[in-house]
Amino acid sequence: MSGPETVDRVLMTCAVVFVVVAGALLLFRISRGPSMLDRAISLDVFAAVVIAGLGAKSAFALDSFYFPIMLVLAFLGFTGSVGIARFIAVRDKPLSRQRAGGKEGQR
């Protein structure tokens with residue numbers, strides 16, 4: 001094995017270790033998150049970590065088979081994040097003036 005191949009192997013191993021550690025930390029945050037928003041964000045980041053892991057595996061094996069799978073996962077992660085953001089935006093909408101004051105129409 002030549003010098004560049006050794007460097008590539010070491011860097012790929014470090015990338016895989018970082019992805020595994022990030023995944024473990026995210027699973028901890030998903031299980032112990034203080035709020036549903038924290039859990040939702042953790043799931044979105046977990047999807048990104050899975051995509052990074054597939055990219056590392058694809059680069060390690062010199063195979064482009066996983067690229068369409070990574071693209072679909074990225075699309076699903078994005079649409080899931082938008083859906084969660086819309087749900088939280090509707091849920092946390094401030095009360096209207098009429099409902100909050102109750103006396104504006106009685107003048």
Side-chain angles (χ1 to χ4, degrees):
M1 202 180 304
S2 68
E5 290 175 353
T6 304
V7 171
D8 285 346
R9 179 77 50 167
V10 169
L11 289 176
M12 287 300 210
T13 304
C14 289
V16 170
V17 167
F18 285 141
V19 166
V20 169
V21 169
L25 291 172
L26 281 167
L27 288 176
F28 176 75
R29 173 52 65 193
I30 290 169
S31 67
R32 306 268 327 255
S35 69
M36 284 304 293
L37 184 59
D38 289 329
R39 289 184 174 107
I41 291 170
S42 297
L43 282 171
D44 186 39
V45 174
F46 188 71
V49 167
V50 168
I51 292 168
L54 285 173
K57 180 179 178 11
S58 181
F60 193 70
L62 298 175
D63 187 16
S64 63
F65 174 76
Y66 295 103
F67 289 157
I69 297 169
M70 292 166 50
L71 185 65
V72 169
L73 284 175
F75 178 71
L76 289 175
F78 171 73
T79 55
S81 297
V82 169
I84 290 170
R86 285 184 155 248
F87 172 73
I88 290 174
V90 169
R91 189 185 70 178
D92 293 340
K93 186 184 248 184
L95 295 174
S96 67
R97 284 185 175 189
Q98 294 174 353
R99 296 183 80 198
K103 295 182 181 179
E104 289 183 12
Q106 297 177 0
R107 289 185 188 188

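Heavy atoms only: backbone and side chains are in, while hydrogens, waters and symmetry mates are out.
- Shown here for Pro34 and Arg29, the closest heavy-atom pair between the two residues is CD-NH1, 3.1 Å.
- Heavy-atom minimum distance, Ser64 versus Ser58: CA-OG, 4.0 Å.
- Just one residue in the list Val19, Val72, Leu73 forms a side-chain contact (heavy atoms from CB on, under 4.5 Å) with Ile51, and that residue is Leu73.
- Hydrophobic clustering of Ile, Leu, Val, Met, Phe, Trp and Tyr side chains at less than 4.5 Å, counting indirect connections, unites Val50 with Phe67.
- Note that OG1 of Thr13 and CG of Asp8 are 10.5 Å apart. Values are rounded to the nearest 0.5 Å.
- Linking Ile, Leu, Val, Met, Phe, Trp and Tyr residues whenever their side-chain heavy atoms come within less than 4.5 Å places Ile69 and Phe46 in a single cluster.
- Cluster membership check: Leu27 shares its hydrophobic cluster with Val49, using side-chain heavy-atom separations under 4.5 Å among Ile, Leu, Val, Met, Phe, Trp and Tyr.
- For the atom pair CD1 (Ile30) and CG (Leu26), the distance works out to 6.0 Å, reported to the nearest 0.5 Å.
- Taking both residues in full, the closest heavy atoms of Arg9 and Phe60 are given as NH1-CZ, 3.0 Å, listed atom of the first, atom of the second, then distance.
- Under a hydrophobic clustering in which Ile, Leu, Val, Met, Phe, Trp and Tyr are joined whenever their side-chain heavy atoms come within less than 4.5 Å, directly or via other members, Ile84 and Phe87 fall into the same cluster.
- Listed by first and then second residue, the side-chain hydrogen bond (donor to acceptor under 3.5 Å, both in side chains) pairs involving residues 34-49 are Ser35-Asp38, Asp44-Ser81 (not counting sequence neighbours).
- Following chains of ILVMFWY side-chain contacts shorter than 4.5 Å, one can reach Met70 starting from Phe65, so the two form part of one hydrophobic cluster.
- Shown here for Met12 and Ala56, the closest heavy-atom pair between the two residues is CE-O, 4.0 Å.
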